[in-house]
Colleague: 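The following block contains the structure, expressed as structure tokens.
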Amino acid sequence: MSLPALGWTPRLAEALAALHSPDLVPARVARQDRDHYLLLTADGERDGVPAGRLRHEAREAADLPVTGDWVAVRAAADGAATVVAVLPRATAFLRRSPGEVTAAQVVAANVDTVFVVTGLDGDLNLRRLERYLVAGRESGAAPVLVLNKADLVSDLDAVRVAVEAVAGGAPVVAVSARERRGLEALATWLVPGGTVALLGSSGVGKSTLVNALLGAERQATQEVRADDSRGRHTTSARELIPLPGGALLLDTPGMRELGPWSDGLEMSGAFPDVAALAAGCRFRDCRHEQEPGCAVREAVERGGLDAARLEGWHRLQRELRWLTSRRDARARAEEEGRWKAIARAVKQHPKLRRWQ
């Protein structure tokens, strides 16, 4: 594939030229397996590994290449490549890393559109969709809600209305990947050179959708559990897959946890109904809890806003406040550590004391 067919742009060409290394060539990460990468270049596929300096200078895991990234590589004669630098990301879908460490995890990079896939076989969860919409808008990519397994519901119109109520204006498309129905509606976003990421929980049918769009059984699929409509991971790693029409599809493993990594700026975009009502609150900093003159709570009491919708907003706000406090604490700890290291250096090198 040519570089433009992989999503190469003049902005990326300028970033590569700014490295002032004529021996470096561009490549796009198609798959990441720990410290090994499958790279797509103008000369075909290459295996790649990160340079030691790149690993050393990375402040955190989010600074290292991920699937979808454009990177500068130094190619060897045997076909291998060393990844020297990550070129600036146009977009990045972030979530809080699972576990106790407060750090960002990049799920996908340089994505134009995010297909948030949900299954209609009992796995529909409007609160989860709200989370994906906030993260999708924060990434810089355009979110599209894809309702898969439309063949399994009797009243699709009612489901669509319920989803559109929380979509915040994002398009809502119903498909049946298993029966290959409704897929033509996705063509609007599957354009040559464009990158679309598939995101969603296990069992929503992402792998089946990939196979349907490819027209071939490339991705393994499994049946979901009958008791809760949840599935096991069939996609084990993020992978960038060229489609016959020229678009690039970034498939991702199902996510059991989507901890937000956000500054909250896109909350109004994901919750435009709450934001519109909040303009009528007596206090500008109203949290819509116990404050007098809260137009949002009044709307809930009148039936103009679903109470569950407001609770979903509150839950995300609490998590964002907690995240902000953890990030601030981490920043303070890093700053204290830096000054302690300087103090130790001064003690160990007496000549430095005269500069105090």
Side-chain angles (χ1 to χ4, degrees), residues 31 67 93 95-99 105 107-108 111 113-136 139 141 143-156 158-160 162-164 166-167 170-183 185-186 189-190 196-241 243 249-260 308 312 315:
R31 186 182 177 96
T67 304
F93 188 97
R95 69 167 177 172
R96 182 167 55 83
S97 294
Q105 180 186 50
V107 177
V111 171
T113 304
V114 175
F115 283 173
V116 178
V117 185
T118 190
L120 299 184
D121 54 348
D123 189 48
L124 180 62
N125 186 315
L126 298 180
R127 306 288 80 79
R128 187 189 304 133
L129 289 182
E130 290 167 348
R131 287 174 172 272
Y132 276 108
L133 283 168
V134 170
S139 77
V144 176
L145 299 182
V146 179
L147 310 181
N148 192 23
K149 308 183 185 181
D151 54 301
L152 300 181
V153 293
S154 57
D155 193 349
L156 182 58
V159 173
R160 188 192 295 272
V163 173
E164 287 177 344
V166 304
V172 179
V173 179
V175 304
S176 172
R178 184 170 63 91
E179 296 186 351
R180 308 294 201 263
R181 289 198 289 112
L183 302 180
L186 302 177
W189 302 280
L190 297 171
V196 176
L198 295 182
L199 297 172
S201 303
S202 300
V204 298
K206 296 191 303 298
S207 295
T208 304
L209 183 57
V210 171
N211 292 338
L213 294 173
L214 275 172
E217 298 298 316
R218 169 170 175 155
Q219 304 294 81
T221 61
Q222 294 180 357
E223 295 296 325
V224 299
R225 297 190 298 259
D227 57 345
D228 60 3
S229 299
R230 304 300 295 275
R232 295 187 297 272
H233 294 310
T234 52
T235 300
S236 59
R238 301 171 185 90
E239 185 175 8
L240 193 66
I241 304 169
L243 295 180
L249 198 63
L250 202 161
D251 192 15
T252 66
M255 284 188 259
R256 294 190 178 93
E257 180 182 350
L258 182 60
R315 187 178 296 114

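Keep in mind it's a predicted model, so treat the numbers as computed, not measured. Position 1 is the first residue of the sequence; numbering continues from there.
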Colleague: Do side-chain atoms of Arg238 reach the backbone of Val107 as a donor and acceptor pair under 3.5 angstrom?
Modeller: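 The answer is yes, because a donor-acceptor pair under 3.5 Å joins these two groups.
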Colleague: Treating Asp251 as the side-chain partner and Lys206 as the backbone partner, does any N or O pair qualify as donor plus acceptor under 3.5 Å?
Modeller: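 Not at all, since once roles are kept as given, no pair shorter than 3.5 Å links the two residues.
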Colleague: For a 4.5 angstrom cut-off between non-hydrogen side-chain atoms, does Val163 reach Leu147?
Modeller: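 Result yes, sub-4.5 Å side-chain heavy-atom pair found.
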Colleague: Atom OH in Tyr132, atom OG in Ser139: separation rounded to 0.5 Å?
Modeller: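 Interatomic distance, Tyr132 OH to Ser139 OG, rounded to 0.5 Å: 13.0 Å.
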Colleague: Can you tell me how far the CG atom of Leu243 sits from the CG atom of Leu249, to the nearest 0.5 Å?
Modeller: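 It comes to 5.0 Å.
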Colleague: Would you mind reporting whether Leu190 and Val196 have side-chain heavy atoms less than 4.5 Å apart?
Modeller: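 The answer is yes, as the side chains (C-beta and beyond) meet within the 4.5 Å cut-off.
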Colleague: Do NZ/NE/NH1/NH2 and the carboxylate oxygens of Arg178 and Asp151 come within less than 4.0 Å?
Modeller: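 Salt bridge present between Arg178 and Asp151.
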Colleague: How far apart are the closest heavy atoms of Leu183 and Ala212, and which atoms are they?
Modeller: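 For Leu183 versus Ala212, the nearest heavy atoms are CD1-CB, 3.6 Å.
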Colleague: Side chain to side chain donor-acceptor pair (under 3.5 Å) with Glu179: which residues, sequence neighbours excluded?
Modeller: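 Glu179 satisfies side chain to side chain donor-acceptor pair (under 3.5 Å) with Arg181 once adjacent residues are dropped.
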Colleague: Apply salt bridge (charged side-chain N to carboxylate O under 4.0 Å, His left out) to Arg160 and list each qualifying residue two or more places apart in sequence or on a separate chain.
Modeller: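 Result, salt bridge (charged side-chain N to carboxylate O under 4.0 Å, His left out) vs Arg160: none returned.
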Colleague: Of all the heavy-atom pairs spanning Leu133 and Val166, show the shortest one and how long it is.
Modeller: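 Heavy atoms only, the tightest pair is CD1-O, 3.3 Å.
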Colleague: Less than 4.5 Å apart, any side-chain heavy atom of Val159 and any of Asp155?
Modeller: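 Side chain of Val159 against side chain of Asp155, heavy atoms only: no contact under 4.5 Å found.
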Colleague: Tell me whether Asn148 contacts the main-chain N or O of Thr118 through its side chain, where contact means a donor paired with an acceptor under 3.5 Å.
Modeller: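 Not at all, since once roles are kept as given, no pair shorter than 3.5 Å links the two residues.
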Colleague: Find out whether Phe93 and Val111 are in side-chain contact, i.e. whether some heavy atom of one side chain is under 4.5 Å from a heavy atom of the other.
Modeller: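 Not in contact.
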Colleague: Of the options Val144, Thr113, Leu186, which is the one that meets Pro171 in a side chain to side chain contact (heavy atoms under 4.5 Å, CB included)?
Modeller: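 Considering Val144, Thr113, Leu186, a side chain to side chain contact (heavy atoms under 4.5 Å, CB included) with Pro171 is found only for Val144.
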Colleague: If you define the side chain from C-beta out and look only at heavy atoms, does anything of Val146 sit under 4.5 Å from Val116?
Modeller: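 Result no, sub-4.5 Å side-chain heavy-atom pair not found.
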Colleague: Given side chains that start at C-beta, do those of Leu250 and Phe115 come closer than 4.5 Å, heavy atoms only?
Modeller: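 No - every pair of side-chain heavy atoms lies 4.5 Å or more apart.
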Colleague: Nearest heavy-atom pair of Gly312 and Glu130: which atoms, and what distance?
Modeller: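 Shortest heavy-atom separation between Gly312 and Glu130 comes out as CA-OE1, 3.9 Å.
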Colleague: Taking all heavy atoms of Ala141 and all of Val114, pick out the closest pair and write down the distance.
Modeller: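 In this case the closest contact between Ala141 and Val114 is CB-CG2, 3.7 Å.
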Colleague: With side chain to side chain contact (heavy atoms under 4.5 Å, CB included) as the test, would you mind laying out the steps for Leu152 and Asp121 before giving the verdict?
Modeller: CA-CA 6 Å; Leu152 300 181; Asp121 54 348; 3.6 Å; yes
Colleague: So, for Ala167 and Leu145, which heavy atoms are closest and what is the spacing to 0.1 Å?
Modeller: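 Closest pair (atom of Ala167, atom of Leu145, distance): CB-CD1, 3.7 Å.
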Colleague: Find the distance between NZ (Lys149) and OG (Ser176) and round it off to the nearest 0.5 Å.
Modeller: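 The OG atom of Ser176 is 10.0 Å from NZ of Lys149, to the nearest 0.5 Å.
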Colleague: If every non-hydrogen atom of Ala108 is compared with every non-hydrogen atom of Ala197, which pair is closest and at what distance?
Modeller: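 Closest approach of Ala108 to Ala197, heavy atoms only: CB-CB, 4.5 Å.
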Colleague: Report yes or no: does Arg180 contribute a side-chain atom to a donor-acceptor pair with the main-chain N or O of Ala177 at less than 3.5 Å?
Modeller: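 At least one qualifying donor-acceptor pair exists.
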